[in-house]
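Working notes, beginning with the structure itself.
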Amino acid sequence: MTGPAHPTAAPGAALGAEATLGADAALGAARVEAILDARSRALAERGRAPAETRARRRVLLCRVGTECLALPLDAVAEVAPFRPCTPVPGAPPALIGLSGRGGALLSILDLATALDLPPLPAEAGAHLVVLRRDAPRLGLRVERALAVLDALLDPGPAPPGRAVAGHARADAADAERFALREGFALLDLAALLQPFLGAAPRT
């Protein structure tokens with residue numbers, strides 16, 4: 001009398017089990033490595049704990065010549081490649097022209113000129129930062145819109161004489177990514193735009 005039949009393992013089943021065990025082991029090792037890395041970063045940042053407790057603000061970081069400047073992100077509608085615009089006769093030097101965008105007229109300010117910084121080379125590639133506001137609609141030409149990040153606000157009053165609301169710093173990762181050895185200015189858009197609002201056409 002023959003005994004009960006034993007199911008025959010499907011070809012490759014043993015190999016599949018070994019592969020699963022191997023994957024589990026690798027996953028475990030990767031998890032351990034991630035935990036150790038996180039602990040190392042936490043220890044490295046421990047000395048900077050006071051900075052991490054500062055207020056944060058979401059900003060758009062831009063490069064203008066040799067400077068990095070930040071715009072409040074809630075004031076930004078979009079970022080696009082800069083395109084040549086139509087000059088406005090008799091306009092202030094910073095108001096470099098008009099451009100149609102989204103079915104409306106957009107007045108373009110050169111941010112470097114508005115802040116009395118060296119002007120961008122005419123042939124340089126640039127970005128257009130369209131501001132979130134009603135008429136007149138305005139955009140800022142910057143050399144490069146770098147990234148959106150959480151800025152750590154420095155305490156203390158804003159310096160006089162420029163359209164600056166204060167200073168801020170990037171966290172360690174962003175500072176390394178964008179080579180930000182020092183902090184950057186957070187622009188006061190109301191103060192920046194005020195001299196040009198009368199010259200900008202309303203739509």
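Note: hydrogens, waters and symmetry copies are ignored here, and every other heavy atom, side chains too, is used.
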Backbone N/O of [Y] and side chain of [X]: donor-acceptor pair under 3.5 Å:
X: Glu143; Y: Ala126; answer: no
X: Arg132; Y: Val76; answer: yes
X: His127; Y: Arg144; answer: no
X: Arg133; Y: Pro136; answer: yes

With heavy-atom distances below 4.5 Å as the criterion, would you say the side chains of [X] and [Y] are in contact?
X: Cys62; Y: Leu60; answer: yes
X: Arg141; Y: Ile96; answer: yes
X: Asp74; Y: Arg58; answer: no
X: Val164; Y: Asp188; answer: no
X: Pro72; Y: Arg57; answer: yes
X: Leu187; Y: Leu115; answer: yes

In terms of heavy-atom contacts, Cys85 and Leu98 come closest through CB-O, 3.1 Å

Taking all heavy atoms of Arg101 and all of Ala80, pick out the closest pair and write down the distance. NH2-CB, 3.2 Å

Residue list, side-chain hydrogen bond (donor to acceptor under 3.5 Å, both in side chains) with Glu176, at least two apart or on another chain: none

Distance in Å, [X] [atom1] paired with [Y] [atom2], rounded so as to fall on 0.5 Å steps:
X: Leu180; Y: Cys68; atom1: CG; atom2: SG; answer: 5.0 Å
X: Ile108; Y: Leu138; atom1: CD1; atom2: CG; answer: 8.0 Å
X: Leu149; Y: Arg56; atom1: CG; atom2: CZ; answer: 10.0 Å
X: Leu69; Y: Leu61; atom1: CG; atom2: CG; answer: 8.0 Å
X: His167; Y: Phe184; atom1: NE2; atom2: CZ; answer: 10.0 Å
X: Arg177; Y: Leu146; atom1: CZ; atom2: CG; answer: 9.0 Å

Cationic N near anionic O, under 4.0 Å, Arg169 to Asp154: yes

In sequence, state the C-alpha distance, the side-chain angles, and the governing distance for Leu117 and Glu67, and then conclude on side-chain contact (heavy atoms from CB on, under 4.5 Å). CA-CA 9 Å; Leu117 298 173; Glu67 293 197 29; 3.3 Å; yes

Hey, mind stepping through Ser99 and Thr86 against side-chain contact (heavy atoms from CB on, under 4.5 Å) and telling me if it holds? CA-CA 6 Å; Ser99 179; Thr86 303; over 6 Å; no

Other residues, nucleotides, ligands: >12 heavy atoms within 6.0 Å of Asp134 CG: no

Let me know which of Leu71, Asp110, Leu128, Val79 forms a side chain to side chain contact (heavy atoms under 4.5 Å, CB included) with Leu140. Leu71

